[in-house]
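Here's the structure, in structure tokens; my notes come after.
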Amino acid sequence: MHYWLMKSEPDAFSIDDLAKRKHQTEHWDGVRNYQVRNMIRDVMHQGDHAFFYHSSCPEPGIVGVIQVVSSPYPDFSAFDPENNHFDPKSTPDKPRWYMVDVKLVRKFDRIIGLQTLKQHKTLSRMPVIMRGNRLSITPVTAIEWKFILKLADQPLK
DNA sequence: GCCAACGTTGGC
DNA sequence: GCCAACGTTGGC
């Protein structure tokens, strides 16, 4: 069982978009980075939980929790020439890119902002708070996971 | 295999 | 819109 943090630009796909999908479930396509591909394909499992992170937006931060509800399978958006993430080197016979389906578990009452994440020493090793981090999916430790959930449920002063 | 050029990400 | 960081590409 693993924990993850999954980034998405809310302009492209937000947690509210996920909430509107059938069964509040959608495939997480578009990963085109080998490190991330390898984690999806080789480490990620059905049942894993992940934080949904909004990036490149007015208020970047963690906005909720999602769950991996499929095994990894070939990212078919790579096969479609009309798709932004089309990759002619990936074919159904020899897929290069993989994805999973994710389901909404909960949306936080408030965003756990990047600034908040940076304030806590417990979270100082999370890649997401480091400048220049380019991985759209990163592992989260059990300690970080619990700590962030506590933050999310802490009453506001 | 090196590395410069280029493209993308993402915070600000 | 700027720019730092870093991945990818391609010439050699």
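Convention: sequence-line order gives letters A, B, ...; per-chain numbering from 1.
- With A:W97 as the fixed residue, the side-chain contact (heavy atoms from CB on, under 4.5 Å) test singles out one of A:I40, A:N33, A:D87: A:D87.
- Considering only side-chain N and O atoms, A:Q35 lies nowhere under 4.0 angstrom from the phosphate OP1 or OP2 of C:dC6.
- Closest to the A:R134 side chain, of the nucleotides C:dC6, B:dC12, B:dG10, is C:dC6.
- For A:Y34 and C:dC6, the OH to C1' distance is 16 Å, given to the nearest whole Å.
- Base engagement by A:S56 is indicated by at least one non-hydrogen atom pair under 4.0 Å involving a base atom.
- Following rounding to the nearest Å, A:I137 (CD1) and B:dG10 (P) show an atom-to-atom distance of 12 Å.
- With hydrogens and angles ignored, no donor-acceptor pair under 3.5 angstrom links the side chain of A:R131 to the base of C:dA5.
- Going from atom CH2 of A:W97 over to atom P of C:dG7 covers 13 Å, rounded to whole Å.
- The residue A:E59 sits apart from the nucleic acid: no heavy atom pair falls under 4.0 Å.
- Screening A:R32, A:H27, A:M99 for a side-chain contact (heavy atoms from CB on, under 4.5 Å) with A:S77, the sole residue that qualifies is A:R32.
- The shortest distance between the side-chain N/O atoms of A:K89 and the OP1/OP2 oxygens of C:dT8 is not below 4.0 Å.
- For A:Y53, no side-chain nitrogen or oxygen approaches OP1 or OP2 of B:dT9 to under 4.0 Å.
- Here A:K7 does not reach the OP1 or OP2 of B:dT9: none of its side-chain N or O atoms lies under 4.0 Å away.
- Distance, A:N133 CG to C:dC6 C1': 10 Å, rounded to whole Å.
- We find that CD1 of A:I62 is positioned 14 Å from P of B:dG10, with the value rounded to whole Å.
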Checklist line | Steps toward side-chain contact (heavy atoms from CB on, under 4.5 Å) verdict (A:F51, A:V65) | finding: CA-CA 5 Å; A:F51 289 126; A:V65 175; 4.1 Å; yes
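- If you take CG of A:D11 and C1' of B:dT9, they are 14 Å apart, rounded to a whole angstrom.
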Note to self: Assess the residue pair A:T138 and A:Y3 against the criterion (side-chain contact (heavy atoms from CB on, under 4.5 Å)); give the C-alpha distance rounded to whole Å, side-chain angles, the decisive distance to 0.1 Å, and a yes or no.
What the structure shows: CA-CA 9 Å; A:T138 48; A:Y3 298 112; over 6 Å; no
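- Closest to the side chain of A:L114, from the set B:dG10, B:dG11, B:dT8, is B:dG11.
- Rounding to whole angstrom units, CG of residue A:N38 and P of C:dG7 are separated by 13 Å.
- Separating the CE atom of A:M126 from the C1' atom of B:dG11 is a distance of 16 Å, rounded to the nearest angstrom.
- Under a cut-off of 6.0 angstrom, the local environment of CZ in A:R106 is crowded, with over 12 non-hydrogen atoms contributed by other residues, nucleotides or ligands.
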